[in-house]
Asks: 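One structure is given below, represented as structure tokens, and several questions about it will come after.
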Amino acid sequence: MKPDKMRTILDTIAGMFPDAHCELVHSNPFELTIAVLLSAQCTDETVNKVTADLFKKYKRPEDYLAVPIEELEQDIRRIGLYRNKAANIQKLCRMLIEKHGGEVPRDYESLVELPGVGRKTANVVISNAFGVPAIAVDTHVERVSKRLGIAKPDDSVLEVEKKLMRLVPRDEWTITHHRLIFFGRYHCKAQRPNCPECPLLDLCKEGKKRMRPSG
DNA sequence: CTCCCGATAT
DNA sequence: ATATCAGGAG
């Protein structure tokens with residue numbers, strides 16, 4: 001993709017979602033880390049419903065280790081994938097206490113070593129909690145990037161991330177990440193994208209393809 | 001690659 | 001009924 005086309009995309013989604021932000025409710029880096037870990041293959045809305053009670057009951061890493069795994073599983077059951085996530089939360093808390101003084105580490109390399117924390121989660125934490133420019137590629141960012149032609153259909157999430165970092169100025173990485181998510185979540189949706197009212201339709205092959213009668 | 005998994009939209 | 005949801009580990 002050419003830089004001028006990318007600039008058009010950036011300016012357009014900035015106009016559509018000027019206040020895009022992290023929608024996972026949290027009040028500190030530790031809560032954000034737990035919320036993002038829980039958000040895998042689950043909507044933010046459901047995560048927020050569960051963490052509303054969860055974060056009242058569990059304040060510190062020690063609190064998650066003080067209950068049997070079965071109790072934590074029940075507390076996050078509605079999220080889905082709850083056995084893996086409960087186990088990862090307890091392992092993560094143990095590692096925070098043993099290796100990081102009970103605090104969430106501020107660097108990417110330490111974050112990805114935490115159980116249940118991969119590239120996407122680590123990028124969300126360093127950008128939202130610690131102000132480090134990053135572009136976390138989740139399902140929305142991947143889908144939107146491929147539909148708009150920023151990335152190719154068979155690119156890996158890492159390749160998508162590299163292309164975005166190359167095309168977007170560093171000081172716009174984090175806000176662009178949030179705008180791409182809002183664009184994907186509320187407009188360029190997976191199941192029923194709003195192509196008829198899309199201001200980017202002219203430069204979107206996928207959109208024009210979808211607008212044709214055959215589909 | 002498969003498995004993990006409940007909630008919600010279509 | 002099926003697709004999708006702020007993925008990660010084995």
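Computed over heavy atoms, backbone and side chain alike; hydrogens, waters and symmetry mates excluded. Numbers restart at 1 for each chain; the letters A, B, ... are given by sequence-line order, proteins then strands.
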Asks: In whole Å, I'd like the distance from the CG atom of A/Leu92 to the P atom of C/dG7.
Replies: 17 Å

Asks: Taking the nucleotide of DNA chain C with the closest heavy atom to each, which residue, A/Val117 or A/Ile181, is nearer the 5' end?
Replies: A/Ile181

Asks: Which distance, rounded to the nearest 0.5 Å, do you find between the CZ of A/Arg77 and the OH of A/Tyr82?
Replies: 7.5 Å

Asks: What integer number of Å spans the P atoms of B/dA7 and C/dG8?
Replies: 22 Å

Asks: I'd like the C1' distance from B/dC1 over to C/dA6, given in whole Å.
Replies: 23 Å

Asks: With sugar-phosphate meaning primed atoms plus P, OP1 and OP2, does A/Val47 contact a base, only sugar-phosphate, or nothing at under 4.0 Å between heavy atoms?
Replies: nothing

Asks: A/Leu180 near the nucleic acid: base, sugar-phosphate alone, or nothing, with a heavy-atom cut-off under 4.0 Å?
Replies: nothing

Asks: Give the rounded distance in Å between these two atoms: CD of A/Glu142 and P of C/dT4.
Replies: 12 Å

Asks: Less than 3.5 Å apart, any donor N or O on the side chain of A/Tyr58 or A/Asp75 sitting next to an acceptor on the other?
Replies: yes

Asks: How is A/Leu24 classified with respect to the nucleic acid when contacts are heavy atoms under 4.0 Å: base, sugar-phosphate, or nothing?
Replies: base

Asks: In whole angstrom, give the distance that lies between atom CG of A/Leu114 and atom C1' of C/dA9.
Replies: 14 Å

Asks: Can you identify which nucleotide, out of C/dG7, C/dT4, C/dA6, has its nearest atom closest to the A/Asp44 side chain?
Replies: C/dA6

Asks: From NE2 of A/His21 over to P of C/dA6, roughly how many Å is that when rounded to an integer?
Replies: 13 Å

Asks: Can you measure A/Asp138 atom CG to C/dT4 atom C1' for me and round it to whole angstrom units?
Replies: 13 Å

Asks: What integer number of Å spans the P atoms of B/dC4 and C/dA1?
Replies: 23 Å

Asks: Output yes when at least one side-chain N/O atom of A/Arg143 is less than 4.0 Å from OP1 or OP2 of C/dC5, else no.
Replies: yes

Asks: Mind checking if A/Glu45 touches a base, just sugar-phosphate, or nothing, with heavy atoms under 4.0 Å?
Replies: nothing

Asks: Can you measure A/Lys85 atom NZ to B/dC3 atom P for me and round it to whole angstrom units?
Replies: 18 Å

Asks: Please check if the side chain of A/Asp155 supplies one atom and the backbone of A/Val160 the other of a donor-acceptor pair under 3.5 Å.
Replies: no

Asks: Could you go through A/Asp154 and A/Lys146, starting from their C-alpha distance and side-chain angles, then the distance that decides it, and tell me whether this counts as salt bridge (Lys or Arg N to Asp or Glu O under 4.0 Å)?
Replies: CA-CA 9 Å; A/Asp154 57 347; A/Lys146 290 180 177 179; over 6 Å; no

Asks: Tell me: CD1 of A/Ile76 to P of C/dG8, nearest whole Å?
Replies: 15 Å

Asks: Between P on C/dA9 and CZ on A/Arg119, what's the gap in Å once rounded to a whole number?
Replies: 13 Å

Asks: To the nearest 0.5 Å, tell me how far A/Lys85 NZ sits from A/Gln90 CD.
Replies: 15.5 Å

Asks: So, for A/Leu111 and A/Ile126, which heavy atoms are closest and what is the spacing to 0.1 Å?
Replies: CD1-CG2, 3.3 Å

Asks: At a cut-off of 3.5 Å, list every protein nitrogen or oxygen paired with a nitrogen or oxygen from nucleotides 6-10 of chain B, distance to 0.1 Å.
Replies:
from: B/dT8; atom 1: OP1; to: A/Lys49; atom 2: NZ; distance (Å): 2.9

Asks: State plainly whether the residues A/Lys162 and A/Glu159 are in salt-bridge range, i.e. N to O under 4.0 Å.
Replies: no

Asks: 5'-most contact on DNA chain C: A/Asn128 or A/Val112, nearest heavy atom basis?
Replies: A/Asn128

Asks: Salt bridge or not for A/Lys120 and A/Glu161, using N-O below 4.0 Å?
Replies: no

